[in-house]
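The sequence lines fix the lettering, A, B, ..., with proteins before strands; numbering per chain opens at 1.
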Amino acid sequence: AQSVTQLGSHVSVSEGALVLLRCNYSSSVPPYLFWYVQYPNQGLQLLLKYTSAATLVKGINGFEAEFKKSETSFHLTKPSAHMSDAAEYFCAVTPYTGFQKLVFGTGTRLLVSP
Amino acid sequence: EAGVAQSPRYKIIEKRQSVAFWCNPISGHATLYWYQQILGQGPKLLIQFQNNGVVDDSQLPKDRFSAERLKGVDSTLKIQPAKLEDSAVYLCASSSGTGNTGELFFGEGSRLTVL
């Protein structure tokens with residue numbers, strides 16, 4: 001079975017500061033890993049995905065994440081936070097093969113202060 | 001390209017009443033999902049369809065929840081009778097099916113409040 005753990009339900013940063021949102025995964029088979037973002041009263045939108053190619057994945061809005069098998073991690077980073085980055089971020093995992101079924105973490109709310 | 005459409009966006013009912021949510025996926029997407037997102041939690045998969053067949057409904061409370069996807073396009077999720085703990089946002093998502101790399105496209109969700 002696959003699962004993800006997101007450390008920290010809330011992360012606060014100042015505008016211009018580094019953003020780091022943590023995600024650790026558990027999977028008995030090679031995983032695909034995803035980060036989704038959810039703005040208030042909206043559905044989830046894909047930020048980036050790891051699908052066994054390059055371990056450093058770049059996504060939209062300046063976000064990137066690095067797959068580290070040895071640490072079973074897939075942390076999300078952005079060098080400089082913008083006010084518009086304030087949202088809920090979800091890490092998700094799915095098995096490499098078979099029907100795709102995303103298993104989500106509990107989410108991390110990113111707060112950005114001026 | 002039109003996204004995933006859901007309706008209604010908001011619904012308030014009393015416990016023991018029934019409610020139905022509708023979803024129209026992205027055209028051509030074979031796989032359709034219903035997720036339940038309770039406040040403060042991540043989305044939890046309720047049911048997954050491949051065309052009009054059920055792939056996974058292991059977490060669907062079948063005593064009160066039902067879902068169908070007639071003709072492999074639109075889908076309806078029904079709750080009858082509703083309980084207080086069913087208050088949540090019900091998210092519909094679709095993907096292109098086999099061979100895809102797991103990217104799901106989500107609708108804006110239907111927020112249910114059970115009083």
Side-chain angles (χ1 to χ4, degrees), chain A residues 1-10 21-25 27 29-54 57 59-60 67 74 87-109, chain B residues 2-10 21 23-26 29-51 53-60 88-111 113:
Chain A
Q2 289 75 36
S3 66
V4 291
T5 302
Q6 292 185 242
L7 299 176
S9 59
H10 292 80
L21 304 182
R22 300 178 186 273
C23 173
N24 288 89
Y25 71 91
S27 179
V29 298
Y32 285 170
L33 292 158
F34 305 80
W35 277 98
Y36 279 81
V37 61
Q38 186 176 36
Y39 297 102
N41 298 316
Q42 295 187 26
L44 281 75
Q45 177 186 2
L46 181 68
L47 267 181
L48 50 80
K49 60 184 178 183
Y50 165 76
T51 56
S52 76
V57 181
I60 61 172
F67 173 72
F74 191 58
E88 187 97 21
Y89 292 81
F90 293 93
C91 183
V93 64
T94 192
Y96 181 76
T97 59
F99 286 109
Q100 302 300 328
K101 179 177 74 174
L102 286 182
V103 176
F104 286 89
T106 53
T108 298
R109 182 167 297 279
Chain B
V4 176
Q6 291 189 245
S7 68
R9 287 294 311 278
Y10 304 93
F21 302 112
C23 172
N24 183 255
I26 291 173
H29 278 191
T31 311
L32 185 148
Y33 312 77
W34 283 102
Y35 279 84
Q36 180 192 57
Q37 186 178 18
I38 294 173
L39 186 64
Q41 299 181 20
K44 182 185 81 172
L45 180 67
L46 291 177
I47 189 166
Q48 177 181 351
F49 293 94
Q50 181 73 13
N51 296 309
V54 175
V55 173
D56 186 342
D57 63 356
S58 58
Q59 298 194 87
L60 186 74
V89 176
Y90 292 86
L91 294 166
C92 180
S94 69
S95 70
S96 57
T98 55
N100 81 84
T101 53
E103 179 176 358
L104 273 59
F105 296 84
F106 284 83
E108 294 185 318
S110 294
R111 183 179 298 275
T113 302

Participant: By a 4.5 Å heavy-atom criterion (distance strictly below it), what part of A:Leu46 contacts chain B: side chain, backbone, both, or neither?
Facilitator: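 Side chain of A:Leu46 only, per the 4.5 Å heavy-atom cut-off to chain B.
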Participant: Classify the side-chain pair B:Gln50/B:Thr31 by whether it contains a donor and acceptor separated by less than 3.5 Å.
Facilitator: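 Yes - a donor-acceptor pair under 3.5 Å links their side chains.
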Participant: For A:Gln38, is it the side chain, the backbone, both or neither that has a heavy atom under 4.5 Å from a heavy atom of chain B?
Facilitator: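 Side chain only.
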Participant: How about B:Cys23 and B:Tyr90: do any of their side-chain heavy atoms sit closer than 4.5 Å?
Facilitator: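 In short, these two side chains do not touch, never coming nearer than 4.5 Å.
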Participant: Need one label for B:Gln6: side chain, backbone, both or neither, based on atoms under 4.5 Å from any heavy atom in chain A.
Facilitator: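 When you check distances to chain A, no heavy atom of B:Gln6 falls under 4.5 Å.
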Participant: Measuring from A:Leu102:CG to B:Gln48:CD, what's the distance to the nearest 0.5 Å?
Facilitator: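 Nearest 0.5 Å value for the CG-CD distance: 9.0 Å.
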Participant: Quick one: are B:Tyr10 and A:Asn41 in side-chain contact, heavy atoms under 4.5 Å?
Facilitator: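 Side-chain contact under 4.5 Å: yes.
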